[in-house]
Amino acid sequence: MGLSDGPPGSGRSCRLLRPPAPAPAVPGARLLRLPLSGAVQASSPERSGWTEALRAAVAELRAGAVVAVPTDTLYGLACSASCSAALDCVYRLKGRSEAKPLAVCLGRVADVYRYCQVRVPKELLEDLLPGPVTLVMQRSEELNKDLNPFTPLVGIRIPNHAFMQDLAQLFGGPLALTSANLSSQASSLRVEEFQDLWPHLSLVIDGGPVGDSQSPECRLGSTVIDLSVPGKFAIIRPGCALETTTAILQQKYGLLPSQGPCS
């Protein structure tokens, strides 16, 4: 979850799906490069190429396709969380266990309340989001029942990446998000690193290199925190922002660490 694993599922069997066959010589996905690649701060929609990439991505997502996107931590695979066929495609494409959840990517903190039962102050959400964290909470009935049907929880991501925030807002619904790599393989910081997946994607958005490839934390993905129980938090995955995240939770909001998942 987040761009990797999240809260553990129930006792459902962990069937692994077969990964796609090796890529042919000519990639099948359309590749669009964002202007000023690598920038993750405020965007200008009028910037050349930005609007084209947004519109193309939204069109593919609404058609039930899987799109590769840059985030503030890793490259990810996104699809409509409301499209069950697209969710199945993501699992098949990655060879991912069906018992591993997908995160939900949103464009604004206000959207979290539609898809989750929020049990923390709004100020806490705003302190952590947008950012390199996945916040796990009780899911609402608004989410597709085929999305992570084995758990009552869902991980929420709002990446600190201008394109992803624009994309989620323009799409207008929840996006399922996971890392752009075959399961058990290294996460991707550049589009070239998951080129074997291109033939199975409809669109690849190239935002340039993500993160600092020299940092030992660069491929850890987001920090995943369970906030489903009032007054407590549990670390599901340390990720790349553990120290700053736990400091906010404990020192500013007085949450107590739990030894295991809060649920």
### Query
If you round to the nearest 0.5 Å, how far is CG of D226 from CD1 of I236?
4.5 Å
### Query
Can you list the steps and then say if F233 with Q250 is a side-chain contact (heavy atoms from CB on, under 4.5 Å)?
CA-CA 9 Å; F233 73 92; Q250 292 182 275; 3.5 Å; yes
### Query
Hey, are the side chains of P70 and I205 touching, using non-hydrogen atoms and a 4.5 Å cut-off?
yes
### Query
Does P230 offer a backbone N or O that forms a donor-acceptor pair with the side chain of R119 under 3.5 Å?
no
### Query
Checking R237 side chain against S222 main chain: does a donor-acceptor pair fall under 3.5 Å?
yes
### Message
Holding to side-chain contact (heavy atoms from CB on, under 4.5 Å), I want the full list of residues that pass it with S84, two or more places apart in sequence or in another chain.
### Response
N144, D146
### Message
For a side-chain contact (heavy atoms from CB on, under 4.5 Å) check, start with the C-alpha distance between L93 and L201, then their side-chain angles and the critical distance, and finish with the verdict.
### Response
CA-CA 9 Å; L93 191 155; L201 304 172; 3.5 Å; yes
### Task
Could you tell me whether the side chain of K122 reaches within less than 4.5 Å of the side chain of Y113, counting heavy atoms only?
yes
### Task
Dump the intermediate steps for side-chain contact (heavy atoms from CB on, under 4.5 Å) on E98 and F150, then the final yes or no.
CA-CA 9 Å; E98 289 181 310; F150 46 84; 5.9 Å; no
### Query
Okay, side chain of Q117, backbone of Q138: is any donor-acceptor separation there less than 3.5 Å?
no
### Task
Hey, can you tell me if F194 and Y75 have their rings parallel, tilted or perpendicular (30° and 60° cut-offs)?
tilted
## Note on the structure
Value for OG (S184) from CG (L182), rounded to nearest 0.5 Å, stands at 7.5 Å
### Task
Please answer whether the main-chain N or O of G131 pairs with a side-chain N or O of R157 as donor and acceptor at a distance below 3.5 Å.
yes
#### Entry: Contact summary for P159 and P130, nearest pair of heavy atoms
O-CB, 3.7 Å
### Query
Between K252 and E126, is there a side-chain N and carboxylate O pair less than 4.0 Å apart?
no
#### Entry: Exercise: identify the closest heavy-atom pair between A176 and L147
CB-CD1, 4.4 Å
### Message
When you compare the side chain of L106 with that of Y115, does any pair of heavy atoms fall below 4.5 Å?
### Response
yes
### Query
Out of curiosity, C240 SG to D72 CG, how far, rounded to the nearest 0.5 Å?
7.0 Å
### Task
With the side chain counted from C-beta on, respond yes when N148 and R139 share a heavy-atom pair under 4.5 Å apart, and no when they do not.
yes
### Query
Looking at side-chain heavy atoms only, is the closest gap between L189 and C218 below 4.5 Å?
yes
### Task
Looking only at non-hydrogen atoms, find the nearest pair between S80 and A86 and report the distance.
O-CB, 4.4 Å
### Message
With heavy-atom distances below 4.5 Å as the criterion, would you say the side chains of S82 and P174 are in contact?
### Response
yes
### Polar side-chain atom of T178 near backbone of L77 as donor-acceptor pair, under 3.5 Å
no
### Task
Answer yes or no: is there a donor N or O on one side and an acceptor on the other, between the side chain of T223 and the main chain of L242, under 3.5 Å?
yes
### Query
Do the side chain of K94 and the main chain of N181 share a donor and acceptor less than 3.5 angstrom apart?
yes
### Summary
CG (L34) and CG (L54) are apart, to the nearest 0.5 Å, by 8.0 Å
### Task
To the nearest 0.5 angstrom, please state how far the CE atom of M164 sits from the CD1 atom of I158.
11.0 Å
### Query
Which heavy atom in P199 sits nearest to a heavy atom in D196, and how many Å separate them?
CD-O, 3.4 Å
### Task
Answer yes or no: does atom CD of E243 have more than 12 heavy-atom neighbours from other residues, nucleotides or ligands under 6.0 Å?
no
### Task
Would you check if the side chain of Y91 reaches a backbone N or O of K100 as a donor-acceptor pair within less than 3.5 Å?
yes
### Message
Can you confirm whether L129 sits close enough to R108 that some side-chain heavy atom of one is under 4.5 Å from a side-chain heavy atom of the other?
### Response
no
### Query
Are any non-hydrogen side-chain atoms of L167 and L61 less than 4.5 angstrom apart?
yes
### Query
Please walk me through it: do C79 and L87 pass side-chain contact (heavy atoms from CB on, under 4.5 Å)?
CA-CA 7 Å; C79 73; L87 296 174; 3.8 Å; yes
### Query
So, the side chain of E217 versus the backbone of G239: is there a donor-acceptor pair under 3.5 Å, distance only?
no
### Interatomic spacing from CD1 in I156 to CG in L128 - rounded to 0.5 Å
13.5 Å
### Closest approach of C83 to G64 (non-hydrogen atoms, all atoms of both residues)
SG-CA, 4.0 Å
### Task
Measure from the side-chain N and O atoms of R96 to the backbone N and O of P101, and report whether any donor-acceptor pair falls under 3.5 Å.
yes
## Note on the structure
For V66 and C89 the tightest heavy-atom approach is CG2-SG, 3.9 Å
